[in-house]
Structure formats: C-alpha cells, structure tokens
Protein chains: 4
Amino acid sequence: MKNTFGESVAVTLFGESHGEAIGAVIDGLAPGIPVDEDFIRAQLTLRRPRGPVSTARQESDPFRIVSGCFGGYTTGTPLTILIPNGDTKSKDYSKTKDLARPGHADLTAQMKYHGFQDYRGGGHFSGRITAALVAAGAVAITALKQKGVVLRSHIRACAGVEDRPFAAEEAALRADLAVLEGQSFPVLEPVAAAAMEQAILAAREDRDSVGGILETAVCGLPAGVGEPWFDTVEGVLAHALFSIPAVKGVEFGSGFALAGMRGSRANDPFRVEEGRFVTATNHNGGVNGGITNGMPVVFRTAVKPTPSIFQTQDTVDFVRGENAPLTLEGRHDPAIVHRAAVVADSVTALALCDLLALRFGTDWLAEQKKGG
Amino acid sequence: MKNTFGESVAVTLFGESHGEAIGAVIDGLAPGIPVDEDFIRAQLTLRRPRGPVSTARQESDPFRIVSGCFGGYTTGTPLTILIPNGDTKSKDYSKTKDLARPGHADLTAQMKYHGFQDYRGGGHFSGRITAALVAAGAVAITALKQKGVVLRSHIRACAGVEDRPFAAEEAALRADLAVLEGQSFPVLEPVAAAAMEQAILAAREDRDSVGGILETAVCGLPAGVGEPWFDTVEGVLAHALFSIPAVKGVEFGSGFALAGMRGSRANDPFRVEEGRFVTATNHNGGVNGGITNGMPVVFRTAVKPTPSIFQTQDTVDFVRGENAPLTLEGRHDPAIVHRAAVVADSVTALALCDLLALRFGTDWLAEQKKGG
Amino acid sequence: MKNTFGESVAVTLFGESHGEAIGAVIDGLAPGIPVDEDFIRAQLTLRRPRGPVSTARQESDPFRIVSGCFGGYTTGTPLTILIPNGDTKSKDYSKTKDLARPGHADLTAQMKYHGFQDYRGGGHFSGRITAALVAAGAVAITALKQKGVVLRSHIRACAGVEDRPFAAEEAALRADLAVLEGQSFPVLEPVAAAAMEQAILAAREDRDSVGGILETAVCGLPAGVGEPWFDTVEGVLAHALFSIPAVKGVEFGSGFALAGMRGSRANDPFRVEEGRFVTATNHNGGVNGGITNGMPVVFRTAVKPTPSIFQTQDTVDFVRGENAPLTLEGRHDPAIVHRAAVVADSVTALALCDLLALRFGTDWLAEQKKGG
Amino acid sequence: MKNTFGESVAVTLFGESHGEAIGAVIDGLAPGIPVDEDFIRAQLTLRRPRGPVSTARQESDPFRIVSGCFGGYTTGTPLTILIPNGDTKSKDYSKTKDLARPGHADLTAQMKYHGFQDYRGGGHFSGRITAALVAAGAVAITALKQKGVVLRSHIRACAGVEDRPFAAEEAALRADLAVLEGQSFPVLEPVAAAAMEQAILAAREDRDSVGGILETAVCGLPAGVGEPWFDTVEGVLAHALFSIPAVKGVEFGSGFALAGMRGSRANDPFRVEEGRFVTATNHNGGVNGGITNGMPVVFRTAVKPTPSIFQTQDTVDFVRGENAPLTLEGRHDPAIVHRAAVVADSVTALALCDLLALRFGTDWLAEQKKGG
C-alpha cells in the first residue's frame, strides 16, 4: 500500500523536500481525541536540528491542520496536517542531479521513477518528510496517553558511546520514560550524552558522520493485542519502523542477544502479581507469539550514519552511465539518531493505534461521547 | 490482515498443530509457474527435525495440492496446499492446558481467544504451521529461480558458535548459496557445524535449549523494487520474517553494526561495472531508500532459544489466577534455528514475489504463454 | 486482494470445479461462535440443484472443517472449510476447451491465464465455488444471529414473474424473513413460485435459460456502521455481491426507482419511536451517507440468465483465432436465481461481519468468554 | 480502508465542507504522466453548479498541487491536490445542528462520531468533497487517455425524462463519447436536455428535488483485467461508485434488464473481427466472469434526488431525542445528477488505473522514460 500504512487507523504520507508542502493524513482515529497543537509543535521541535551536532539549516515547521479536527478534538474523519516548505532556497541542484550520492536513494529513485522524480534535496526520500510523520504521530501519542499507554525512545548508543539500557522493572522504566520527556537529545545518563556529542563533533571535524541505536519502550498496552501470523506486534512495528530513513535493524526484547542465550534464561517466567499476570524478566519484550502479554514492549532500532558526508566519494553519473567523483556541499547533520528518536515514537504510536483499533473497535481510543 | 500476507501475491495460512490439517493458499501467482512436487517435498524435509539435535517426533509432511495447479503448472488462481496432521497421538493436554508455558503463546492466546483456542500442541501458534509456509514458499522459490533470483539462508551463529559470514563479493556469494543447497544444517564452514551441534547437544543434556542467527542472501533481484515509505523492501521483508515463531530481530546489510560505523565506511560507493551500476561494498544490504539497488539483498534474523525446555519452570495457571510450577514432558527440539532456515527462505520468497508482481505486473513471474 | 475479501474478518476462496477440492478460509472471526454443522449442511442444501428446474447432476457437498474450530466453537484463528469434489466424471473437456462459451469466462480466462487455466467445468470460475462461500457464510450467519442480526433473500422476480416485495414495516418484514427460512425456492407468495417454476420449465423446453432478481433484507444491524467514503455499507456489500457469478446489478432501498422520485418522497423522514430513531419510509434501504441508520438494510441483486443453454451458438476458437459454432451438452440449470439466494445471504453475512468487527472490535461477534 | 481506495494506485480523500481545505492524495501513479492543470480546472468546472438548475452558491475551486508533480509530470510519488475552502460564509449552523436532515447523513454521523463531527455544511459528508475526487480523477483520466482508454458519462434519465442510451456499436459509441466532451449537462439528445431542465425547474418551484441515472462507457480497455472472485471489475467499480453521495444502484451491461431476458439473448456471441475477439451484442457490459473481454465497459448508476428540499419535513433532534420539524434555508441544488457525471468518470478512472497497474505493473500507465 506504499505511502499508506495501517488498516483501521491508517496514515498517508506525502510531499517532497522542495515541493510546496509535505503532510500526512491520519484516517480512522476515534472521534473525540484532543488535538493539542502545542504538543504537536513540541514534538516537531524535537525532530528539528539542534546546536552544533546538527545542520545549521533553520527548519521551522509551521503546520496547519486542514481537516479532521473541530473544536479542538478529532472528528473521526481524516485528519490532515500540512507543513509548507519554507526555507528551500533554490540552490541549483541540476548540476549534480545525475550523480548518485552514496548511501542515498538517488540511484534507486532513478531505477523506479525513470528520471521523473523530484531530485531537489532528496525529494520524496528526504528525511524532511518525517516531520509530517511526527506531527501525525503526536496526535496518536496523545490518544494513547489518554488510554494509559505511554512510550518514548532514548539513544541507546551513538558513535560507539552507550547510554544505559532502560530499567527492566516496570516502575523504574516508567521513571526512565518520564526523564526523557521533552529531551531533544534523549539519553538516560547525562555523561553519556556529553560523550556522544563529543564523538559527533569529532566526526564532523573529519567531514564524516555517525550512526546510533534507539531503544523504545511502551508501557500500559493491554494484553491480547496482535496476531499469531503476519500481523504480529513485532512484524507490524518493524514494518513501520523500517520506513524511517536510515533504519537498518529492529530487535525486540533482548533481540539478537537472545541468539546466544539458553531457553532457561530467555523464557520469561510468569507469575501473578496483584491479580495481574507478569513476567519476572522481559527478554521477549512484552510479546509472546506475536501478541502483547501486558509487559512493556521494548525494542531497539539501528540507525546508520547519515549518508551525507563532506569527503569526496566515488560514485556514478546514472544518466551518462559513467564513474564520477562527488563532493557534497551545503548543510548536513553529522548525526541524526537523536532526531530520529521522536520519529520512532511517532510511527510506533501510529502503528499501535491501528492494532488497538482493530482489536477493540474504532471508538476505543476515545470513549467519551458528546451530545446524544 | 492477520493470517494473510501480501497484496498482489498473497499467502493465507491456516491450521492447528493437532487439528485435521494445516495448509496455505497462495493467491496471485502468475499462471505457468512449474509446480515441482519433489522440490516442495525436499524443502519440507529441510524443515523436519533431524538426528540428535532435534525432537524424535517423526513428522512426515505428506502434502496435497488441492487447487490452483493443472498439468504441472500454476493456473494463476489460488493454489492451496494441504498438509494433513498425521502423527498427533492424543496425549492428554487437558491436564496442563491452563498452565502458561514460559516463552510460549499460551497466556497471550488466552488473552486473545478467551479460552476457545485449541490448546493442543500449541494450536495455531505451533511451529508446525510453518510446514505450510515452507510448502507455499517452495513454489515461490521456483518462480523466482526461473527469473534469475536465487536465495538461501545459513546459520550465522548458534549457541555462541559462529559460521563465517556470506562472501561480500557477488560471485563468491553465489558460490556460497550453491554450497548451501539441500543442507539440512546449513553452514558454510563444516567445522562450525560440528561445533554448533556439540553445543546443542550440551544444552540438551542440561534439559535446556539454544538460539541462533540466520543470515539470508538474495541474488538477482532487479533494481527499482520497493517503496520509499512504509512498503520499503526492509519493512515488507521484516514484517514477514517476524511471523516466524521465535524470531526477535531482523537487520539488513551491516544492520546494528552500522550504528558504530562512520558514514565514510557505511556509504557503499557506486561504480559502473560491465555497464551495470554496482556498489564497492554492501553495508546497505542491497537496499537504498527502501528500494533495491541491484546488489544482493542480505539480512540476518535472530532466533531465540526454543522455549520448550525440560527444567521445572515458574509460571501461572491462567484460569485459577495462581502461581504454579511447570515441568514439560514429551519430545522437543533443543534448537530450531537450523529448521528455521528454510522457513526464512520461504517467507522471503513469498514476500519478494509480491513486491515483484506489484512492480512489474501479475504475469512477470512467468512470462511464457500457452495456446492463443 | 483478489480471492480474499475483508479486512478484519476476511474470507479466502479457492478451488476449481474439477480439482481435488474447493474451500474457504475465514479469518478474524471472534472466538466462541458456535459452529453448527447441521446449519452449514442445510445452507449447502439450499444451494444445490433441486427438482426439474435445476440440473440433474447430484451435487453432494460433504464438507470438512479442517481448522479454526475446537469443541464446537470458533477458536478465533482461521477457520477452513474443505469441500472435496466428488461427482466429477471426467467427461472429455479437451475437445471443446478452446471454444469460448458465450456469456461465460472462457475467453477472459484465456486472456488472463494464457492457457494455463483449468478449463474443466469452468475451473475456478465455476458456480460450484460458491458452495465454499455458502459454507463459510453459514458460520457468519450464525454469528450475526447471536447478535440479533437476521437476514434472508427471496426471489423478487424470475423469468418475468414477480414475487411481492418485502414488507416495508419492520415487524412485517421480520415475519417475511421467517417465512423464507429453509425454503429452497424462496418466495413470499406461493402463487408466484408456481408461475416462476412454470416459466423456467418453458425456457428449458426451448433449450434456453432465465434470470431473475433477488431481494435481500437485513434486520437488527446497529446504527453507525460503515464509512462515509469508499467503505460505505453499499460499496462494501456491492463489492462482495458482484462476486456472485451472473450478478450484473445491485441497488439499495428503492434503488433505480429513486431516480424517478422527488426528494420529498425519497427522503425518509425521521421520528422517535419507543426511544429509538426510525424512519417513516425506507427508500434509502437503511443506509444514509454510507452508514447504517438502524433501519433494515434492503437491496436487490440482478442475476442474468444462466449462460449455459442448449441451442447452437456462434463463438470463437480462441487458440485458432477462428469463428466456430458451439453446441453444449451435459446437465445445466435453466435457472440459478433460486440457488443464488443463499449465496447472496452468505456474502452479505461475511461482509457484515467484517464491517461490524472493524467498528466494534474483533470480540464483538461473540462476547462470551470461557476460562480466565 | 475507509477514506483510501485502491491497492496499487490508491486515492485518499480528506476534508470538510467548511474546514480549511479539502483534498486528495493519489499514490502509486506511474511517473511521467502529464499533469494538465487546465484539464483539471475544466473537470472541476463540470462539477460546479451551473445556471438555474443548480444552487446559486458560486463555488470556485482554485486547487494547488502540493506534491508528486515536478516539471509538469507525475513523479510517481504521492500526488496531493489541495482545494482551499473559500466561500464558506459562516452562517450559524449551530441552531439546527442537532436536527437530522432527512435523506442526509446527520443522524448516522452522530451515531458514528458521537457529536464530534464537523456539522457545518455536511462536514466530511458534503458533496463538496467530490471536488477533490474530480481533481484526482482528472489525472487518472489523462493517464488512461494516453494508453488509449477513454470514458465518459451522460445523463441517461433525469426527473423521468430519458436520454437515448449509448450506441451499442463501438465506433458509434466512441462518437457518442466525443459528443459529450466538455458538456456540463451531458446528454446525447439536445431535446432530452431541454426537457430535463424543464422538469428540474418545475421541481424547484415546488421546493422539491429530482434524481436521475448516469450511464458511463469505457472504450479501449485491454482484455484480461480484473479477478474472478471479489476483485471483479464490476465489484471494484461498484465499490468506488457507491462512494458518490446519493448513488443507490449500479448495474453493468443490460443490468437489471438481464433478469427478464433469456440466455439466448443475454449471451453475447463471440466472433473474430479483424483479428480481434469481439461480441455481437454487449449485454454483459464488457465483463465476463469479472474480467474485461475487450468490449466497452458500460454501466449505469442511480442517483437519488438531492435530499435538501425546501418543504418543511418531519425529523428528530438527535440530542434531545425528540421529534422536530425542519425547514431548510439557503442555497441548494434541485438536481445534482448532471454534476455527478464527472464524479462518476473520476472514480471510474481512478479504480481502472488501480486495476491496470495491478495487472500490468506500476510503470504501465506511462511507459516513457527520461534520462538513464
């Protein structure tokens, strides 16, 4: 379904980096969810470049909700958020438009769109499109929060520096999530943040870039959500997460580390705690057999280094069919993993709204009613 | 869409471990693909338990193609493969049916199906259902092979023992794939296989189990397949792969290792080689911006240790709402990663057939025509 | 999505007229719906040819539920019904296999499947496949009945003879539906039935066939189901109904007759009746703006005359690309409209289960729970 | 999937009558289709109210293409058309907002959206939303035209006055389609147009409204498009057509009239004509077994009378739960069937683009390539 994701709650994404506007349509959200424009703005701010570790381009993301919102609440009909493209000084892209930037989608775009793609600034492949995802995701995050579902990501690793993992115990994990609120460089240990920023700046000086790992936790999901085959919670979330540009890996619970464990350790034993079934450990990341078990859903996402670097690279001119060197100019991020955190939260929230609405019906996300 | 996956080529999975039959329907496959029953049988054999490292249960998978095949070729209408459940000696499951096996889906099944699930042998969550996936996948693999697309998985790691990674260079990689053909314990280095089997047996003696990592490579995919958002090649494949029971992580190209690289290394430089665009390295696993670039698509899948172990485990009786110890009996695999290899190949092939048919039309997978 | 229909509750259809078996998989049905095999059998009997107005071929439809049912209830996992093809005496179809029967799908099958289609007895296009739809639909009808939703079709017209329309008033309509129960030639006025049968036999004597119109009513649907655009109740039902072979028209409420009315008559005025909103008339067939209003959903379906007739017809040999006369032999129905009635009920029930599950969640169709 | 329709080529619709903007996103269209803004404008003009038979409200539909178009061609990425809502003088809707207009969706909106719906001017249910469909459809119509597929609708009947049906013979039918080009009140016989307009004005004087029937023809579709079950050409088109507000019936070929024919007449005999398979008659409307046979696809759509009339009507206050009289004020159309013609063309074109792209691949609609 390409640029639309979801069945009961679906998001459609559109726009090019240097077109008139980017945006998103969310369809199927329950009526009566508060639309908090300040929160949308705050989330967009988290995605924006910041300080020395990011590009100098001052992106401002003034958005407009052009449908699906009335009197401050979702109407239940498609909610469209539009973000006009402001600061797109038309540098002349035509000179390098046939040179494939390594690690980018320029060549594959050519293979798919045969020269009709909008090549300016990455076009529809630009990371800028994620601003629309973040705006849409903000509404989904608000909907989930109302129902007691909270989620947030931190930078588990960046440029070889590690933050501590999320707390295993749920109350401590919820405290971790609270700490991350509003952090534009979300880490749990301040010392890790400092070391990461250092490493990012070092890469920048080398005209290079770095990657990282995001860790996301979702608390408060009801048990019994997801499907045994194909539409497993893991499968649906991974499908959504791999949409984030630069994401190359997704793992749930202990993920790849499970491959080296024995069953006696990896099996999370169940027990009854205050009338609720819980697990003693959470190596399975809150999902058994594709279905939530009521424990926190925890996963990690690998983000490759920003492909835009300022060293001269070998590449091809895909129109002439010749080798050609490429030296990028302009403003680029030496790291994007911190900006990707809010994008991960956003697609996670959108995918979860879909799974929850499929399971419990389209009204579930906002049960209050007005009028008759 | 739950138990159906795919849009243009879709597979629907059904069955319970101890019901009358399991099976799969593949819809949308091009007419004229040869249906090679011997190859299906051979693939099913790869999935079956083998030797001392697997359960003693002698699964035989006599399948029947009950629709969609005529005169040895696909008709283009839904192809249904039925695998009757033979050896299901009705041990009395009712005694332990309310005890949630740790690491299994018993508790989540209860949360979703409210006691109506078929609890015998894991029911619809049983690994046995993957036999239907393998049979369906065999037809997809044949279709791809005809079009020059070959794929295969090896055990990259098991119980802490590593096999060497796939060769980076494409010709060498194709040689690796050829070596794996027909291997029921698919590894590239025989010495690794021996060490892995040793480690599996050690775990078995401890009444325990082990996990592993599969590495899969696909050669010959045309460039330009996949979508920039949501239906990225990575997202679609990961969605399908997370359906395989016990899979908890998927990474493409250098995956999580990319997080620690710099862009100058991670960016695979392009060059022209014999009139074709190739990359010098393949850290991106053949996919840029969600779309194939013509290089081999390479990914790894984390398989957790078999949750069935023979040590006494803490768990709950989910009907009584009480803690209860559980000691499993019967025949179980101390490792399933080797059996999961052919399942990974199968879901990969099915998902790729869908992506290719969407891109190039429903006839693409078999262009020959008969009659008028 | 081809042979799969539905999003939350989906049915997948497979099989060829002379293959090993036909069948259906229903996915997404709530757990805990009673599976009444006698009712399935009775519904299949309604679809079978009967008496002089139908073909002499004795179809018996012994079905087997091979998955998704445990202890007499749906498990919530895919329910598969298999109907083996018994009485398929292999007459030699090869002689006429390249001659396109007028009104049939032989030529279009060739255009789509390039000669690989199973041509025997219509293959996947055979009306016989509807047996699988009827079996699946029987489970859906049971689910709906439990929730107070009842539905049934009668032959509104056949061979130019009309039955009276359904009663406009809901209590009288429910009485009409009760009268139709178990009728294999479902009409409201016995005299109409006799005249229709007469007309069918007259056509048969002329080696010809007749068509008809079905009228279906659904009582008890909750208000608020359906979507304003695209997934309107009318759109979803029509999509499903046009799958029934020979259906060439669908109209809701007063349908085409509305085109000649004025708004003052066509607008169904609302009023409050015993605390419930009702309409004085039901020209809109229970649907306003694509969404149920709580009144009976009423629609009519046009069924063209059986294309198999015994007069010599002009046609083509599509392999030789030549004109050729065709004289059919064998057993065929001079009318199928009476047999199509239960098929219309079946696809209606399946589509409604999907709409209801999407609206109210996957548990809605069977809220009872067992165990914990 | 609610407000999104289509699988390979999908359209998403958004907006409310008095919100900031309405719009549509088309995803999956081939790159390289010319985007002709003048043609879009012309199509929008056809949808606009005209002369005395329509409302006096001067709708102007200045649209903006904000994504998916570059250098005058589709890019292959989502094409978004935005139509700001200009002339929405905020009359005070709050006075009557709880009164359900008979024949409208006010009551069903309340049942679905619980009071959060935007009630102003019909909100998301407003016929105004079809402007976005028409703009999107214009691009699809251009794409089809390039590939030799032409389509157009005329008013087959309005207020009891009939236009002659489309010519049966294909060359004559193509001439009919040419005659209709650019007609804002599309009829084949001028005398019929005059009589229809007369009848509309008579209804208007009675403060009443009228309905009609549209007949649509599509020439040039390749044979072999569509699916045998569920995604039949008829089912997919009907699904889309029932989205048009006020549509209550759809019939293909001779439709409901087939019910009264015998098979010997209804079966369209095949013959070879200039190396192509054609049918002597076209009672099946170009579709056999759900799949195109290469003949024109012809269908009729029933449009109920505009529900907005100026007589006092009985209805309910759905918040107070009481009966209440309603007298509408403002500007409304006594007929909309002529304006619905271009909407029918638009949804038909969009649905056909989807079916064609699924069948022949995503490049099919525009095979030219630029660059490498």
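Lettering follows sequence order; numbering is per chain, from 1.
- Looking at S8(B), the atoms closer than 4.5 Å to chain C (heavy atoms on both sides) sit in the backbone and in the side chain alike.
- Between the side chain of D27(B) and the backbone N or O of N3(C), at least one donor-acceptor pair lies under 3.5 Å.
- Only the backbone of T74(C) comes within contact range of chain B, with at least one heavy atom under 4.5 Å from a heavy atom of that chain.
- Looking at H124(B), K112(B), Q117(B) one by one, the single match for side chain to side chain contact (heavy atoms under 4.5 Å, CB included) with T77(C) turns out to be H124(B).
- Using a 4.5 Å heavy-atom cutoff, the side chains of H114(B) and D363(C) are in contact.
- Note: Y119(C) and F70(B) have perpendicular aromatic rings, judged against thresholds of 30 and 60 degrees for the angle between ring planes.
- Here the shortest heavy-atom pairing between P31(B) and Y113(C) reads CB-O, 3.5 Å.
- Proximity to chain C (any heavy atom under 4.5 Å) is restricted, for L13(B), to the backbone atoms N, CA, C and O.
- Pairing each heavy atom of I65(C) with each of E20(B), the nearest pair is O-OE1, 4.1 Å.
- Minimum interatomic distance between S67(B) and A21(C) (heavy atoms only, all atoms of both residues): CB-O, 4.2 Å.
- The shortest non-hydrogen separation linking G68(C) to E16(B) is N-OE1, 2.9 Å.
- Contact record, F14(B) with V25(C): CD2-CG2, 3.8 Å, taken as the closest heavy-atom pair.
- Looking at every heavy atom in both residues, K2(C) comes nearest to E7(B) through NZ-O, 4.4 Å.
- Within the 4.5 angstrom heavy-atom criterion, no atom of R320(C) approaches chain B.
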